[in-house]
Structure formats: structure tokens, C-alpha cells
Novice: 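I have a structure I would like to understand better, so I am pasting it below and will then ask my questions one at a time.
As the structure lists them, so they are numbered: ligands from 1, and atoms in each ligand from 1. Counting from 1, the numbers follow the sequence of the chain as shown.
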Amino acid sequence: MRKKVIAGNWKMNKVRSEAVQFLEDTKGQVPSFNEVESVICAPFPYLSELVQKAEGTPVKIAAQNMHFEENGAFTGEVSPVMLKDIGVTYVVLGHSERREYFAETDETVNKKVHAAFQHGLVPIVCVGETLEQRESNQTNQLVEGQVKKALEGLSEEQVKQTIIAYEPIWAIGTGKTATSEQANEVCTHIRNVVKDVVSADAAEAVRIQYGGSVKPANVEELLAQSDIDGALVGGASLEADSFLKLVEAGK
Ligand SMILES: O=C[C@H](O)COP(=O)(O)O
């Protein structure tokens, strides 16, 4: 039985006081880590403080990106060593917004996934198609390519620990959710790809989230699908009440 993982991706939102207040507001109300994993993916400036505030609670703190090198002349970048040093435990890699606006590629995602494991961070690897690709029936092929490249060179054990987030780009922040059947169909395809290129055990263990306009009103139906093991949520994770409802649904 795969444990569900509900991750709130705040993207570039909230000032410090709002970020801290969110943890205050959810304190004591988030279900235990044994029931569901709950993660907040926060902007870099608050990570250290949020890790400290979340200590002793079931909430884990994630970064939204990182560089693959440990250190060096990479102005403006943040390394896995730095994230690990301040107690971050998860990192989102290859989000479609990084791919679209910041030239993230399948190759850099793969380097980052390796770097994450090297430094004890759990990668949440995002994949997903555009509307144009869906309409021209390229979804499975496109997502398959992204998954294969992202996982290239990992050990079976590392693949088992990886979280893959299937996020159709046309459903992100648009209010258009993929139907639970559409979402599950692609998640099943991803699991089959993992089975083909790694192993049946890895496919059974890997967690696959759905992301794209997930909210309290649709999360239960999505999580009830056979191959959806959680959600990566943007807009609906910004308010404490809404985030708590999402996490509750993961129990
Ligand atoms: O990382 C989260 C996804 O991009 C989904 O965002 P959304 O829930 O606002 O559609």
C-alpha cells in the first residue's frame, strides 16, 4: 500500500509573515506522517525558518527547484548541499513553469534528480503535456519520454523513493482539471513505463501524484483512482483551511 503524499506548491506567493502564519494555523491539525505525507514547497527565503517551525509536526518542507552542482560560480542558484544543510527534505524538479520560463530540460532534470539522491533529498519530478500535445494524441509518448529521461541511471531503490507528479500543463492554474479517469490513465501509463524500464517492484513502490487545479472539491475522487498516490497543489494550497482539507482527503 503506497502512502499518499499531498504537497502544496506555493510557487512565488506569500511574504514571510504569511508563510509563518500558515504553519501556525495548521499546527496540530495535520494528520500524522504515518497516515499521509504532507509537504509544503515554499520560496527559498523562508525555507530555513519554516523547517524550524515545522519541527515536531508532520509537515515537511520542500524547495521548488535547485541546481545540480554542489557549489561554485552559479550566481542566483541554490545547491542541494544548501537545502540539505538547512533541513529541507523534498525538492520539486522539472515543474512545467521551470521548463517553460527557465529553460529546464529533461537533461537538467535528470542531473538534478541524481543530485537530490546524492544529498538525501526526495525528488518530486514533474511531467506533463500541453493542450496541443494532448489534442494531437502525444500525451503518453511525451510523458513517457520525460519519465524515462528523468529516471535514467537511477538505482531501483532510488526509483522506488522517487515521487512523480503528472501535471497536464493545460490544467495548471486554469480551473480545468483533468477528469479523474484522464488523470489516472496517464498515471497508469507512467507506472507501466517504470515497470518496463526499471522493475515491477519499482513500479509498485513509486508514488505518482496528479497536479492541475486540484481543490478540496475534487481531491477525493482523484485520490480514489488506482494509480494516483497524491496531489501536487498550487492555488488551493495557499490557504491553511483548504490545505488541511486536501491532506485529510489523503488519509
Ligand atoms: O505545482 C502545482 C501545479 O502547478 C498545480 O497548480 P494549480 O493547483 O494552481 O493548478
Novice: Would Gln225 and Tyr210 count as having a side-chain donor-acceptor pair, cut-off 3.5 Å?
Specialist: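 Gln225 vs Tyr210: no donor-acceptor pair found between side chains.
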Novice: Please tabulate, for the side chains in residues 117-126, all donor-acceptor contacts under 3.5 angstrom to protein atoms that are two or more places apart in sequence or on a different chain.
Specialist:
unit_1 : atom_1 : unit_2 : atom_2 : d
His119 : NE2    : Glu70  : OE2    : 3.2

Novice: Backbone N or O of Glu181 within a donor-acceptor pair of the Asn184 side chain at under 3.5 Å?
Specialist: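 Not a single qualifying donor-acceptor pair exists.
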Novice: Name the residues with a heavy atom less than 4.0 Å from ligand 1?
Specialist: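 Ligand 1 is contacted, at a heavy-atom distance under 4.0 Å, by Asn9, Lys11, His95, Glu167, Ala171, Ile172, Gly173, Gly212, Ser213, Leu232, Val233, Gly234, Gly235.
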Novice: If you link ILVMFWY side chains whenever their heavy atoms are less than 4.5 Å apart, which other residues fall into the same cluster as Leu131? By chain and number, please.
Specialist: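 Same cluster as Leu131: Trp170.
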Novice: What residues, two or more places apart in sequence or in another chain, satisfy salt bridge (Lys or Arg N to Asp or Glu O under 4.0 Å) together with Glu35?
Specialist: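 Testing Glu35 for salt bridge (Lys or Arg N to Asp or Glu O under 4.0 Å), a comparison that skips the adjacent residues, returns none.
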Novice: Quick one: do the Gln138 and Ser136 side chains pair a donor with an acceptor below 3.5 Å?
Specialist: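 Yes, Ser136 and Gln138 have a side-chain donor paired with an acceptor closer than 3.5 Å.
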